[in-house]
Chemist: 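This is the structure, below, for whatever I ask next.
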Amino acid sequence: MELALGQAEQSVGLASPNPAVGCVLVRGDALVGEGFHEFERRDHAEIVALQQAGPRARGATAYVTATTGEPDPARMRC
């Protein structure tokens, strides 16, 4: 989750008017994808991470931050 928070920090100032969000995808012990939201790119952090991971995303766990002031970490299975 710390890696996802680090991704979200990269989004600060680039995501407005949306919140700064980071995502990492982990499969086993391997980081297979990561990303953060940039308003100009339009893609959200989860999409960036999934595109980076490609087929390695199947079976991975996504750690996603949702920051609307205070980070509120969320976890989901891909």
Side-chain angles (χ1 to χ4, degrees):
M1 185 49 91
E2 287 184 30
L3 294 174
L5 290 168
Q7 288 293 309
E9 286 178 7
Q10 293 183 62
S11 186
V12 172
L14 300 175
S16 183
N18 298 328
V21 177
C23 176
V24 294
L25 299 173
V26 179
R27 186 173 177 190
D29 291 333
L31 175 68
V32 296
E34 60 187 359
F36 58 91
H37 176 61
E38 291 181 66
F39 184 75
E40 292 297 319
R41 285 186 59 187
R42 305 277 189 238
D43 289 338
H44 287 263
E46 303 89 335
I47 299 300
V48 174
L50 286 167
Q51 288 174 339
Q52 185 182 86
R56 297 175 300 155
R58 183 165 303 281
T61 299
Y63 296 90
V64 184
T65 65
T67 56
T68 56
E70 290 295 318
D72 178 23
R75 181 179 170 197
M76 65 181 195
R77 294 284 287 168
C78 293

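By convention here, the first residue in the shown sequence is residue 1. Keep in mind that what you see is a predicted model, and the values were worked out from it rather than measured.
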Chemist: Identify the heavy atoms of Ala57 and Leu50 that sit nearest to each other, and give their distance.
Modeler: CB-CD2, 3.7 Å
Chemist: Kindly list each side-chain donor-acceptor pair under 3.5 angstrom involving residues 13-30, sequence neighbours excluded, with atom names and distances?
Modeler:
| residue | atom | partner | partner atom | Å |
| --- | --- | --- | --- | --- |
| Asn18 | ND2 | His37 | NE2 | 3.0 |
| Arg27 | NE | Arg58 | O | 3.4 |

Chemist: With heavy-atom distances below 4.5 Å as the criterion, would you say the side chains of Arg41 and Val48 are in contact?
Modeler: yes
Chemist: State which residues pass side chain to side chain contact (heavy atoms under 4.5 Å, CB included) with Gln51; sequence neighbours excluded, sorted by chain then number.
Modeler: Asp43, Ile47
Chemist: Name all residues meeting the side-chain hydrogen bond (donor to acceptor under 3.5 Å, both in side chains) criterion together with Glu38; count only those two or more places apart in sequence or in a different chain, and write none if there are none.
Modeler: none
Chemist: Quick one: closest heavy-atom pair of Gly35 and Ala45, and the distance?
Modeler: O-CB, 3.6 Å
Chemist: Group every Ile, Leu, Val, Met, Phe, Trp and Tyr by side-chain heavy-atom contacts under 4.5 Å, then state whether Phe36 and Met1 land in the same group.
Modeler: no
